[in-house]
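The structure appears right after this line, and notes come after that.
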Amino acid sequence: MLVSGAALWLAGLGFVPLLPVSVTLKTFLAATWVGLCSYQWQAMWRGYTRSGCLRIAADGHVERQRADGAWEPARLCAGSVVLPRLAWLRIEPRGMPAYAELVSGEIRVSDDWRRLQVIWRHIGAA
């Protein structure tokens with residue numbers, strides 16, 4: 001995911017010189033693009049490095065395990081997607097920006113993955 005983010009960052013910078021605006025505005029747009037991408041990249045990296053496990057209860061309550069082993073409440077954000085073998089979960093811990101967690105599993109092998117599929121059918125549209 002970080003690689004795709006870097007590729008989109010470079011693609012965005014590649015399009016800025018092609019815009020039919022003044023050099024001053026191009027410079028401002030490029031700086032804004034770099035700042036926004038850097039902020040999002042740092043948020044993703046912080047979330048990724050500070051998380052251990054996720055718990056999703058049947059009622060949709062989410063907790064994440066911090067690096068020190070303690071559990072803290074989090075919120076499942078809009079934009080989360082659960083497919084048969086992959087899930088893209090957008091998690092927002094308290095006091096931190098939202099980040100995405102890419103997880104995978106196999107229904108026939110993992111009871112936890114099967115539970116996630118069932119829970120998602122109940123809370124996914126909410």
Side-chain angles (χ1 to χ4, degrees):
M1 188 172 82
L2 293 175
V3 172
S4 67
L8 290 173
W9 174 73
L10 289 173
L13 281 180
F15 286 119
V16 170
L18 304 175
L19 295 173
V21 295
S22 70
V23 174
T24 306
L25 187 55
K26 287 180 186 180
T27 303
F28 173 75
L29 291 173
T32 302
W33 180 254
V34 169
L36 290 172
C37 288
S38 297
Y39 174 77
Q40 289 296 324
W41 213 8
Q42 288 174 353
M44 295 293 264
W45 183 254
R46 273 194 309 268
Y48 180 74
T49 57
R50 293 181 182 174
S51 289
C53 298
L54 292 173
R55 287 183 187 163
I56 302 176
D59 63 355
H61 177 76
V62 178
E63 291 182 322
R64 76 176 190 117
Q65 187 178 31
R66 295 188 315 225
D68 63 2
W71 289 91
E72 68 179 2
R75 185 174 70 89
L76 192 61
C77 300
S80 298
V81 177
V82 176
L83 302 171
R85 293 186 181 191
L86 283 174
W88 174 266
L89 302 174
R90 292 195 63 237
I91 308 293
E92 183 179 25
R94 283 194 185 152
M96 287 179 60
Y99 69 96
E101 192 75 46
L102 182 65
V103 293
S104 65
E106 178 64 46
I107 289 176
R108 294 182 197 142
V109 177
S110 172
D111 289 337
D112 291 336
W113 189 257
R114 189 174 314 118
R115 270 188 230 106
L116 174 62
Q117 296 288 321
V118 171
I119 290 169
W120 192 256
R121 286 186 195 120
H122 294 287
I123 67 167

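Being a predicted model, the structure only gives us computed values, none of them experimental.
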>> Pair Glu92, Cys77 - check side-chain contact (heavy atoms from CB on, under 4.5 Å), show working.
In response: CA-CA 7 Å; Glu92 183 179 25; Cys77 300; 3.5 Å; yes
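Counting side-chain heavy-atom gaps under 4.5 Å among Ile, Leu, Val, Met, Phe, Trp and Tyr, Val109 is found in no cluster with other residues.
One distance of note links CD1 of Ile119 with CG of Leu76; it measures 11.0 Å at 0.5 Å rounding.
With sequence neighbours left out, Arg90 forms a side chain to side chain donor-acceptor pair (under 3.5 Å) with no residue at all. Partners of Ala57 by side chain to side chain contact (heavy atoms under 4.5 Å, CB included), not counting sequence neighbours, listed by chain and number: Asp59, His61. Here Val103 pairs with Ala87, Leu89, Glu101, Trp113 under the side chain to side chain contact (heavy atoms under 4.5 Å, CB included) rule; sequence neighbours left out. Among residues two or more places apart in sequence or in another chain, the side chain to side chain contact (heavy atoms under 4.5 Å, CB included) test is passed with Ser22 by Thr24, Leu25.
For the pair Ala74 and Pro93, the tightest heavy-atom approach, listed with the atom from each and the gap, is CB-CA, 4.0 Å.
A heavy-atom distance below 4.5 Å is not found between the side chains of Leu54 and Glu63. Counting heavy atoms from C-beta outward, Arg75 and Val62 have side chains that stay 4.5 Å or more apart.
Between Arg64 and Glu72 there is a salt bridge, since a side-chain N of the basic residue sits under 4.0 Å from a carboxylate O of the acidic one.
A donor-acceptor pair is defined here as one N or O able to donate and one able to accept, closer than 3.5 Å; such a pair exists between the side chain of Lys26 and the backbone of Pro17. In terms of modelled atom types and a separation under 3.5 Å, the side chain of Gln117 and the main chain of Leu83 share a donor-acceptor contact.
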With a 3.5 Å cut-off and sequence neighbours excluded, list the donor-acceptor pairs that the side chains of residues 27-35 form with protein atoms.
from: Thr27; atom 1: OG1; to: Val23; atom 2: O; distance (Å): 2.9
from: Thr32; atom 1: OG1; to: Phe28; atom 2: O; distance (Å): 2.8
from: Trp33; atom 1: NE1; to: Trp9; atom 2: O; distance (Å): 3.0

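At a threshold of 4.5 Å between side-chain heavy atoms, the hydrophobic network of Ile, Leu, Val, Met, Phe, Trp and Tyr places Phe15 and Leu13 in two separate groups.
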